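Heads up: the structure comes next, in structure tokens.
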Amino acid sequence: MKVVILAGGFGTRISDESRFKPKPMVELGGKPILWHIMKLYSAYDFNEFIICAGYKQHMIKEYFADYFLHTSDVTYDFTHGKNEMTIHHNTSEPWKVTVVDTGLNTMTGGRVKRVKEYIGNETFMLTYGDGVSNVNIAELVNFHRNHKKMVTISAYNAGQRFGVLDIDTQGYINDFREKNRADGDLINIGYMVCNPEFLDYIEGDNTVLEQKPLKMVAKDRQLMAYKHEGFWQCMDTVREKEKLEKMWQSGNAPWKVWSD
């Protein structure tokens, strides 16, 4: 099953760094947050990724183009008048990564629609490139397969900062709506599983994934919530980045479910 990651936004709320790089390339512990997200999926043996790039998309392509060198010890030998290179201790990941330029101003739904040819006619996973979590991907996929509906999204209790999900007692998502004082606080954190027919609900570049497509799927009773009760944290601000960095440096990063 392929993993689609939305990585094309501007990330203006952390503009001190994202002026120079795409938001998913902002680093935690010396690695892009995109790498951390991919490592979670890889820990569950999902190793084929489609990156929906946009803003400064060339930086994501260049990162993976040089990834083999970045993760290996290298000897450069010029003594014979040649540029000879020897790779030592290669620790690269078992990943297949397709980076697609989905446009500078394309909305989230439009980005997913643009990578349809790379997804093919198969169920796929989908998430955002700006938050880390310890979602149990195996349980998430099994949950999706068992309920046999079109789309599963991961829902998380994150307080009242974001808009909320209206979920009934059976787990169906009825609607997406803005928060109010009477609402609960389960939000969409991504980590979705989608059947291929979901792509038909997306019209084009101006389609916001969280608006018409998911609302229509919810109306059709085809949208289910996987309730995640572990860790999740987005990285929208400098303060949130600093919080995550401290967790990583302390050795207490809940999203690190993989071994070194």
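Quick caveat, the model's predicted, so the values are computed rather than measured.
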Worksheet entry | N/O donor-acceptor pair under 3.5 Å between T152 side chain and A225 backbone | no
The reported gap from CE in M125 to CD1 in I5 (rounded to nearest 0.5 angstrom) is 10.0 Å
Rounded to the nearest 0.5 Å, the CG atom of L69 sits from the CE atom of M85 at a distance of 5.0 Å
A quick test of your reading: do over 12 heavy atoms of other residues, nucleotides or ligands sit less than 6.0 Å from CG of N146?
yes
Partner of H228 under side chain to side chain contact (heavy atoms under 4.5 Å, CB included), picked from N134, N136, I153, is N134
Q: Verify, without hydrogens or angle tests, whether T108 (side chain) and L209 (backbone) share a donor-acceptor contact under 3.5 angstrom.
A: yes
Short question: side chain of K212, backbone of E203 - any donor-acceptor pair under 3.5 Å?
-> no
**Prompt:** Does NE2 belonging to H80 count more than 12 external heavy atoms closer than 6.0 Å?
**Reply:** no
Measure from the side-chain N and O atoms of K113 to the backbone N and O of L199, and report whether any donor-acceptor pair falls under 3.5 Å. yes
* Should H36 and W248 count as side-chain neighbours, where that means a heavy-atom distance under 4.5 Å? -> yes
For F124, the ring-ring contact (aromatic ring centres under 6.0 Å, His included) test, sequence neighbours excluded, returns none
Closest heavy-atom pair, T106 versus T102, reported as atoms and distance to 0.1 Å, is OG1-O, 2.6 Å
- Does a side-chain heavy-atom distance below 4.5 Å link D220 with Y201? yes
Measure from the side-chain N and O atoms of K241 to the backbone N and O of E27, and report whether any donor-acceptor pair falls under 3.5 Å. yes
Worksheet item: Do the non-hydrogen side-chain atoms of S42 and W258 ever get within less than 4.5 Å of each other?
Response: no
With no hydrogens and no angle check, do the side chains of W35 and Y67 hold a donor and an acceptor under 3.5 Å apart? yes
task = Check whether any side-chain heavy atom of H144 sits under 4.5 Å from a side-chain heavy atom of T123, and report yes or no.
result = yes
Between F49 and Y41, how do the two ring planes meet: parallel, tilted or perpendicular, split at 30° and 60°?
-> perpendicular
Check your understanding: Backbone N or O of T79 within a donor-acceptor pair of the D77 side chain at under 3.5 Å?
Key -> yes
Quick note, salt bridge (charged side-chain N to carboxylate O under 4.0 Å, His left out) partners involving residues 33-53, not counting sequence neighbours, are K39-E93, E48-K96
Closest heavy-atom pair, I33 versus G129, reported as atoms and distance to 0.1 Å, is CG2-O, 3.6 Å
Note to self: For the backbone of I87 and the side chain of S72, can you confirm whether one donor and one acceptor N or O come within less than 3.5 Å of each other?
What the structure shows: no
Do V135 and Y226 have side chains that approach each other closer than 4.5 Å (heavy atoms only, starting at C-beta)? yes
Check your understanding: Crowded around K31 NZ? As in, over 12 foreign heavy atoms under 6.0 Å?
Key -> yes
With sequence neighbours left out, the residues meeting salt bridge (Lys or Arg N to Asp or Glu O under 4.0 Å) with R145 are none
#### Entry: Side-chain donor/acceptor of Q57 to backbone N/O of D101, under 3.5 Å
no
message = Between N83 (side chain only) and Y76 (backbone N and O only), is there a donor and an acceptor less than 3.5 Å apart?
response = no
Sequence neighbours excluded, the answer for ring-ring contact (aromatic ring centres under 6.0 Å, His included) partners of H58 is none
* To do: Give a yes or no on this: more than 12 heavy atoms of other residues, nucleotides or ligands lie within 6.0 Å of atom OH of Y118.
  => no
Q. Quick check: are there more than 12 heavy atoms from other residues, nucleotides or ligands sitting under 6.0 Å from CD of E122?
A. yes
Rounded to the nearest 0.5 angstrom, the CG-SG distance for L214 and C194 is 7.5 Å
Between M224 and F143, the two heavy atoms sitting closest are CB-CE2, 4.2 Å
**Asked** Are the side chain of R111 and the backbone of I51 linked by a donor-acceptor contact shorter than 3.5 Å?
**Response** no
Taking C-beta and beyond as the side chain, do F231 and M247 meet within less than 4.5 Å on heavy atoms?
yes
Sorted by chain and number, sequence neighbours left out, salt bridge (Lys or Arg N to Asp or Glu O under 4.0 Å) with D205 holds for R114
For K256, the salt bridge (Lys or Arg N to Asp or Glu O under 4.0 Å) test, sequence neighbours excluded, returns D260
Inset, instruction - Would you indicate whether the side-chain heavy atoms of L40 and V132 approach each other to under 4.5 Å? - result: no
